[in-house]
Amino acid sequence: MSDASRHKGRKNAMQDQVIGFVGLGQMGRPMVGRLLAAGHAVVVYDRVPEAVEALVALGAQPAGSIREVADRADVVFVSLPTPAIVREVAIGPGGVIEGQRARTLVDFSTTGPRVAGELHEAFGAQGRSVLDAPVSGGRSGAAAGTLAVMVSGPRERYDALEPVFRIVGKPFFCGEKPGAAQVMKLCNNLLAAATLVVSSEAIAMGVKAGLDPKLMCEVINVSSGRNSATQDKFPKAIIPRRFDFGFATGLSHKDVRLCVDEAEAMGIPMVVGSAVRQMLAVTSAKFGPESDFTSVARVVEEWAGVTIGEEA
């Protein structure tokens with residue numbers, strides 16, 4: 001059987017299964033929208049009724065609780081902000097693990113490998129499966145279906161769900177070890193935050209010396225210093241003074257903190273990572289955890305006595 005035939009067979013098999021989805025925020029809502037548009041039956045739950053109603057209007061089936069989702073769906077996807085919330089939703093009282101129908105939990109959240117290990121152990125004790133599947137690409141990637149989907153867990157479950165992953169983005173199988181995909185995601189998010197911080201410092205320096213920040217980004221982006229901050233975040237959110245790229249400071253701080261803590265537990269020094277963590281902590285304290293993480297540039301601006309880009 002060819003790879004195309006196997007993929008078509010898996011796609012058809014998944015089309016007959018009901019998907020559950022818990023967590024309909026900036027990432028979850030557009031992902032569910034794509035699943036519905038692809039013809040999947042999706043049962044949804046969120047503690048915010050308006051989020052549920054918006055997707056019911058698109059064809060989703062509402063559930064009254066997390067457990068009800070797992071009672072009605074074959075596989076449950078979750079997209080949630082913190083490890084504590086993921087743990088509560090997955091294995092807490094009334095959580096996914098108490099559902100009678102769902103045999104697989106897929107976690108799109110960024111929790112770190114330790115929580116992933118807990119979930120694998122708890123579900124495995126019941127003969128069920130967990131796939132860690134943290135995503136990268138922001139809300140624009142979720143809407144466009146271009147997310148990077150990093151997955152670890154049982155290979156056979158990954159193979160069965162790969163057609164669904166391809167609806168929301170490009171999947172990468174990181175191995176069967178629980179938490180492997182979480183480590184991959186933490187490494188990626190550390191780099192994303194680090195380039196934002198150091199680019200803010202470099203561009204603030206240039207602006208104070210009289211350079212145009214737009215020109216600086218143009219030069220950097222065809223030079224050896226190009227990075228995701230100068231390519232996307234500065235032109236779209238910082239220079240126009242919108243600070244609305246789509247990722248909260250508190251979440252970025254959480255991800256970098258998880259990365260540094262995990263590295264330290266492995267005996268790996270993260271001197272630069274620790275500095276990035278501190279910059280995000282300062283930004284969160286000054287502008288609030290709900291602020292956009294591009295607000296780190298505003299901290300650097302204040303310290304440097306400059307304004308990057310157009311005045312608000």
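Sequential numbering from 1 along the given sequence is applied to the chain's residues.
The minimum heavy-atom distance linking Gly23 with Leu80 is given by the pair CA-CD2, 3.9 Å. Contact record, Val69 with Gly20: CG1-CA, 3.6 Å, taken as the closest heavy-atom pair. When all heavy atoms of Leu147 and Met27 are compared, the closest pair comes out as CD2-CE, 3.7 Å. The minimum heavy-atom distance between Ser200 and Val300, with the atom names listed, is O-CG1, 3.7 Å. Nearest heavy atoms, Gln182 versus Thr111: OE1-N, 2.9 Å. Leu24 and Tyr45 get closest at one heavy-atom pair: CG-O, 3.9 Å.
For the residue pair Asp292 and Thr249, no side-chain donor N or O sits within less than 3.5 Å of a side-chain acceptor on the partner. For the residue pair Arg72/Gln61, the side-chain donor-acceptor check at 3.5 Å is satisfied. Side-chain atoms of Lys185 and Thr110 form a donor-acceptor pair, as typed in the model, at a separation below 3.5 Å. Counting only N and O atoms by type, the side chains of Arg157 and Ser129 include no donor and acceptor under 3.5 Å apart.
Here OG1 of Thr294 is found 12.0 Å from CZ of Phe247. Values are rounded to the nearest 0.5 Å. Interatomic distance, NE2 of His40 versus CD1 of Ile19, reported as 5.0 Å (0.5 Å rounding). Between the OG atom of Ser284 and the CD atom of Glu290 there is a distance of 8.5 Å, given to the nearest 0.5 Å.
A salt bridge is absent between Asp74 and Arg103: the closest approach of a Lys/Arg side-chain nitrogen to an acidic carboxylate oxygen does not fall below 4.0 angstrom. Of the charged side-chain nitrogens involved, at least one lies within less than 4.0 Å of a carboxylate oxygen, so that Arg166 and Glu162 count as a salt-bridged pair. One finds no salt bridge joining Arg155 and Glu176 here, because no Lys/Arg side-chain nitrogen approaches an Asp/Glu carboxylate oxygen to under 4.0 Å.
Between Tyr158 and Phe173, the angle of the ring planes lies from 30° to 60°, which puts this pair in the tilted group. Phe77 and Phe108 have parallel rings, their planes meeting at less than 30° on a 0 to 90° scale where 60° marks the start of perpendicular.
Within 6.0 Å of atom CD in Glu68, more than 12 heavy atoms from other residues, nucleotides or ligands are found, so the atom counts as buried in its surroundings.
Trp303 and Val197 fall within the same hydrophobic cluster, defined by Ile, Leu, Val, Met, Phe, Trp and Tyr side-chain heavy atoms under 4.5 Å apart, directly or through other members.
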